[in-house]
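Note that the coordinates shown come from a computational prediction; the quantities given were computed from them, not determined experimentally.
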Amino acid sequence: RIEVEFIFDRGGSITRNLRWDEDGRYWTTRFGPNSKLAKALKASFDLRVRVPGTPAARADYSLDGSWRSIARMFEICRM
């Protein structure tokens, strides 16, 4: 279990606790299409991910157009 900070180019950051699932992938607590995290992901163009206390676990991502895949993810979950 680790604490991860999502830092958005449009301002603000959101902290989430991530855990390994049985298949060896990270997952977060559930969040819906209108959650603070989902709205920030859809509204931003760039994302920095930081793990406090672990400088090597840092990454930068482009979110340009990511709202399309995020919206599709929630559509699939409702099927």
Side-chain angles (χ1 to χ4, degrees):
R1 179 176 178 172
I2 60 172
E3 181 180 281
V4 175
E5 184 179 15
F6 298 89
I7 305 166
F8 301 95
D9 67 316
R10 295 276 174 107
S13 65
I14 296 174
T15 300
R16 288 285 185 269
N17 286 313
L18 303 181
R19 297 181 184 178
W20 285 109
D21 69 7
E22 292 178 0
D23 295 325
R25 297 170 302 195
Y26 277 120
W27 59 275
T28 64
T29 54
R30 295 173 65 92
F31 67 97
N34 297 314
S35 68
K36 184 178 178 182
L37 180 56
K39 288 180 180 179
L41 288 169
K42 292 183 214 178
S44 300
F45 290 107
D46 294 300
L47 169 67
R48 287 183 291 148
V49 177
R50 302 291 180 258
V51 178
T54 310
R58 297 180 177 209
D60 297 323
Y61 299 94
S62 170
L63 293 175
D64 189 21
S66 68
W67 64 270
R68 293 181 184 88
S69 57
I70 293 167
R72 180 65 182 144
M73 176 182 69
F74 288 116
E75 287 172 11
I76 291 169
C77 290
R78 286 195 297 266
M79 293 180 172

Nearest-0.5 Å distance, NZ of residue K39 to CZ of residue R10: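 K39 NZ to R10 CZ: 15.5 Å, rounded to 0.5 Å.
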Would you list the pairs meeting salt bridge (Lys or Arg N to Asp or Glu O under 4.0 Å) in which at least one residue belongs to residues 49-60, sequence neighbours left out?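 Output for this query lists R50-D60.
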Got L47 and F8 here, is their nearest side-chain heavy-atom distance under 4.5 Å?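 When only atoms from C-beta onward are counted, F8 and L47 do touch, with a gap below 4.5 Å.
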Pairing residues for E5 by the side chain to side chain donor-acceptor pair (under 3.5 Å) criterion, not counting sequence neighbours: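 Scan of E5 (side chain to side chain donor-acceptor pair (under 3.5 Å), adjacent residues dropped) gives S13.
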If hydrophobic clusters are built from ILVMFWY residues whose side chains come within less than 4.5 Å, do I7 and Y61 share one?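 In one cluster with I7: Y61, no.
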Tell me the closest heavy-atom pair linking I14 and L37, and the distance in Å.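 Result for this residue pair: CD1-CA, 3.6 Å.
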Look only at the side chain of D9 and the backbone of F45, and say whether a donor-acceptor pair between them is shorter than 3.5 Å.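 Here the side-chain-to-backbone pair exists.
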